[in-house]
Amino acid sequence: MQLVIVESPAKAKTIEKYLGGDFHVLASYGHIRDLPAKDGSVDPDHGFAMQWENYGDKGKQLKAIADEAKKADRLILATDPDREGEAISWHVQEVLRAKKALPQKVDRVTFNAITKQAVTEAMAHPRALDEDLIDAYRARRALDYLVGFTLSPVLWRKLPGAKSAGRVQSVALRLVVEREREIESFVPQEYWSVAAEMEQGGQGFVARLVRWKGEKIDRLTIGKEGDAMAAKADVEAGRFTVEKVETKPVSRNPPPPFTTSTLQQEAARKLGFSASHTMRIAQQLYEDGAITYMRTDGVQMDGSAISAARKAIAERYDGGYLPEKPRQYQTKAKNAQEAHEAIRPTDFGRDKVGSGDHARLYDLVFKRALASQMASARLERTTVDLVDGTGQHALRATGQVVIFPGFLALYEEGRDDSEDDDSKLLPRLSEGDAPAKKKVTAEQHFTQPPPRYSEASLVKKLEELGIGRPSTYASTLQVLKDRDYVRIEKNRFFAEESGRLVTAFLERFFERYVSYDFTAGLEEELDDISGGRAQWQAVLEAFWRDFKPKTAEVMEQKPSDITAELDKFLEPMLFPPKADGSNPRACPLCGDGQLSLRGGRFGAFIACSNYPECKYTRKFGQPGGSEGGADTGPEVLGQHPETGQDIVKKSGRFGPYIEMGEGKEAKRGSIPKDLPDGELTLDWAVKLLSLPREIGLHPETGLPIVANIGRFGPYLLHDGKYGRLSSTAEIFEVGMNSAVAKLADAANKGGRGSSSREPLKVLGKHPRTEAEIKLMAGRYGPYVTDGTTNATLPKTIEQEALTLEEAAQLIDARAAAAPAKKGKKAPAKKAAPKKAAAKKPAAKKAAG
C-alpha cells in the first residue's frame, strides 16, 4: 500500500479517485505543527534551533496518518507546490520519523492542477524534498517569530494600548499611515477649467481651452474666478476654426494571465472581494480541479494550455482575433520566486464553474487567461486644435475610436482609481471647418489628495516594493484589521489611532526595520536561501546581531521618555503651525498651559500641562489641533431631584457616560448610541441612572419582568430569558402587555440551542458524509450545520450566494479544528469518516 499525504479532505478524495486501489490518500488539514507561542521556541545562541509543537487539534489526524504509515510500503508527500507545501511535507516526515512510523521509501510529488493527467504525470516523476525551500521556510518562520516575540513585548511595556508588531505587517501599516498623513497635510488648490460645447454635422463634442492670450494653459494655470470669467468671455466672443487634425493609430496588448497578487487586485476592483476571500474561493476552485495552483508569481502558461486557449479563441471568434504566434509572457514582479505557471483554467472548454462567488471568480480567471492569447486591440486617437481669428486663443478636443476590439471583446483590466481617459467619439472634422459653438462653461475645481489605499492598490504597492510574497498578502492585511490598526470604509483603508501610534513608535525607535528598502532586501535574502545561494542561519545571525541590541536599548528607556520622544517626532502632525502665528501647543481651555502627548492606561492622548487644575484633553488621532470632540473635563448636568447629588457627564475608555456620587457608592450609566449628546438632558440622565426598570410581575410565572440596557442594546429579562427592545426610549415606555408579547415572540423564534428553529435554507446533502446541511440563524450571526457540527458563516460570504460545497468545506474545516471532549464519543454518521465523528462533540459546543 502507498500512502499519499495532501492538505485538504476535498483534495484527498479527488486524488484517491484518480490513483486507484493501491493508494490511500489522507489529509493533514494544513500545517500540523508550529513554533509554540512562548519564549525559547527559537534559540539564537544554538544555531537558531527551533522547538516545534504539534497542534492540539491535529492529534487524531496525526495518529491516523501514523497508523497508516506503519502499514505503507511508500510515503508520497503531495502537498502544494510552494514553500509552505514543502514545509508541510517536511513536518509530516519529521513527525512520522519521531513516531518511528516513517516508511523506508519517501517521495515528494507536486502538481500545478488537480486533474487526472497532472496527478498521474506527477506520480511518474517523484523527487526528494527540496532542502533549500525547507531552509527558506525555517528562516522565514524563525525571523517572524524573533521579530514578533522580541518587538511586541517592547510595545506592550512602552506603548500602552499597542497589540503587536510584525516584520511585514508593520511595513504594510506604515504605507497606510503615511498615506493618511499625506491626505491630512494636503492643501487643496483652486483652479478653473474653461470649455466649449460645440457641434459639427449634428454631432456634439467638447473642446477645452488650451491657449489664452497667447499663453499655454495647463490644469492649474487659471486659479481665480475673475480670470476664468475673462477667459470664458474671450471664448464666447471668438469664432473658432479647425487649425489641425491629428489622427494617431494606437495598439493595446492584453494583460498576462493572473498571478496571486494580480488576481487579488482584480477581484477587489471588479468583484469587491477581500484578499482573504479571494484566496479562499481560489483554493476551493483549485481543489475542485477547475483552476491551476493559485499561489504563484509566474505569468507564463504551459504550451498545451496555450494551444487549448488558442483553439477556444478560434472557436469563439473569427480568425482576426487570433494572433499569428502564441503570446509568451515573462515575469516582471520584483523578487519573483517559486515561479509556477500562471493562474488559469485547467480546461479552456469549460467557461462556467459553480455558482455564486465561485462562478464569479472562475469567470474572471477564465476570461483573463483566454484574453491573454487574443489579438491586440487597435484604436485610433484623434486630436483636433481649434483657433480663433486672433490666433491668441485655442481649444482642443480629443477622442478615441476602437477600430478593432481584439481582446477587449472579452476582457478589460480594471483600475484602482479613475484616470482621465477621454475616449469620446469625435465628429469627422477637417482643417478650415468652423463648428457651431453652443455653450461656454467655466468650472471651479480643487486639487485632490492622493486616494487612500484599497486592498487592490495596497497589494500592488507591496508587490512593487518587493515586500511580502503571494502567500502572505491576504494574512498580512487581515492581521491589520484584526488588531484594529486599520478600518475599512467603502473598500478603503483608514489608519486607526492605535495604528498611527505604533507606526510612529517604530519609525522613531526602529526606523531601519520598517524601512521599505531593508524589508525588501531581507525578502531577497530569503529568496537567496530558496535558491541555494545563501545559508539560512547566516542570514538570521546577521539580522539578529543588530536587532537584539536595539530592542534591549529601547527596553531600558522609561515610558515617559518614550512619550516625550514621540511628542517631538509627531509635532508636525499633532501641533502644526497656525495661520495666525499663535502657539499651536497653547491650551484652548486655560490659555496658559502647554499641550503635549501623554501615555495612559488605554493609549495615548493630548493633555494640558496644568493638569489636574485644567482637565482639557483630546484624542491622539485628531491632527492639526482640531478641537472637535475635545474633552474639556467633567460636565455637571444638574442635581438629582431626590438625592440632590450632582449628575456629571464624563468621558471614559468606552465613550461618554454619566455618574452620580463618588467612589464605590457611585452610580454610573453609559450614554446610549441612539441618544445623541445634544439630547442628553438632566431628565434623561435621571432616567438612565434609575435602570434597571421593573415593569411588573409576569401574569403566568409571577416572576418580575425587567427592562435594561446591555452590551447589545436595550432588552427585556424574565426568568433568565431575554427579549429585544427597539430603542432606549422603549425601555421607559413598554407596558406589561407589550412586554409579555415580546418575550413570547422571542421564545417562539427560538433561543440558542432550540431544536424547533426553522432553517433559513436547506442546502442539500454533504457530498462526503451525506448528512443534510442547513443554513441557520444564530445569536451571533448565520451558520451552517449538518446536525452535529456547526460552522459560522464568514462575513465575506453572502447567505444568498452560499453554495452546498462552500457549506461543506466550512463544516469540514470546523470539524477538523475543534478539539474533542475527553470521555465522550459521538456516534458516527453513516459514511462519515472517523475523524469527523471524533470532532463532533467539541464542534457542537461552539454552535451557531
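A side-chain N or O of Tyr293 and one of Asp82 form a donor-acceptor pair less than 3.5 Å apart. Between His445 and Glu190, the side chains place no donor N or O within less than 3.5 Å of an acceptor N or O (distance only, hydrogens not considered). With 3.5 Å as the limit, one finds no donor-acceptor pair spanning the side chains of Asp297 and Thr259.
In terms of modelled atom types and a separation under 3.5 Å, the side chain of Thr260 and the main chain of Thr296 share a donor-acceptor contact. In this structure, Thr292 contributes its side chain and Ala342 its backbone to a donor-acceptor pair below 3.5 Å. In this structure, the side chain of Thr150 does not engage the main chain of Val147 through any donor-acceptor pair within 3.5 Å.
Proximity of the aromatic rings of Phe509 and Phe505 is defined here by a centroid distance below 6.0 angstrom, and this criterion is met. You'll find the ring centres of Phe493 and Tyr453 outside the 6.0 Å limit. Checked against a 6.0 Å centroid threshold, the rings of Tyr513 and Phe543 count as neighbours.
A cation-pi arrangement is present between Arg174 and Tyr516 under the rule of less than 6.0 angstrom and at most 45 degrees off the ring axis. A cation-pi arrangement is absent between Arg316 and Tyr321 under the rule of less than 6.0 angstrom and at most 45 degrees off the ring axis. Both the sub-6.0 Å distance and the 45° axial angle are not jointly satisfied by Arg140 relative to the ring of Trp536. Both tests do not hold together for Lys461 against Tyr473: distance to the six-membered ring centre under 6.0 Å, angle to the ring axis within 45°.
Using cut-offs of 30° and 60° on the angle between ring planes, the pair Phe273 and His277 is perpendicular.
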One pair to check against salt bridge (charged side-chain N to carboxylate O under 4.0 Å, His left out): Arg295 and Glu84. What are the steps and the verdict? CA-CA 10 Å; Arg295 290 190 178 92; Glu84 291 300 309; over 6 Å; no
For a salt bridge (charged side-chain N to carboxylate O under 4.0 Å, His left out) check, start with the C-alpha distance between Lys11 and Asp80, then their side-chain angles and the critical distance, and finish with the verdict. CA-CA 10 Å; Lys11 193 173 172 182; Asp80 288 343; 2.7 Å; yes
Could you go through Arg252 and Glu412, starting from their C-alpha distance and side-chain angles, then the distance that decides it, and tell me whether this counts as salt bridge (charged side-chain N to carboxylate O under 4.0 Å, His left out)? CA-CA 11 Å; Arg252 278 181 62 185; Glu412 183 163 11; 3.5 Å; yes
Could you please spell out the steps behind the salt bridge (charged side-chain N to carboxylate O under 4.0 Å, His left out) verdict for Glu511 and Arg508? CA-CA 6 Å; Glu511 197 280 331; Arg508 171 60 185 83; over 6 Å; no
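Applying the salt bridge (Lys or Arg N to Asp or Glu O under 4.0 Å) test between Glu507 and each of Arg512, Arg181, Arg500 identifies Arg181 as the sole match. Paired with Glu455 under the rule salt bridge (Lys or Arg N to Asp or Glu O under 4.0 Å), one option of Arg269, Lys481, Lys460 passes, and it is Lys481.
Proximity of Tyr317 to Ile313: side-chain heavy atoms (C-beta onward) are separated by under 4.5 Å at one or more points.
The minimum heavy-atom distance linking Gly85 with Glu7 is given by the pair CA-OE2, 4.2 Å.
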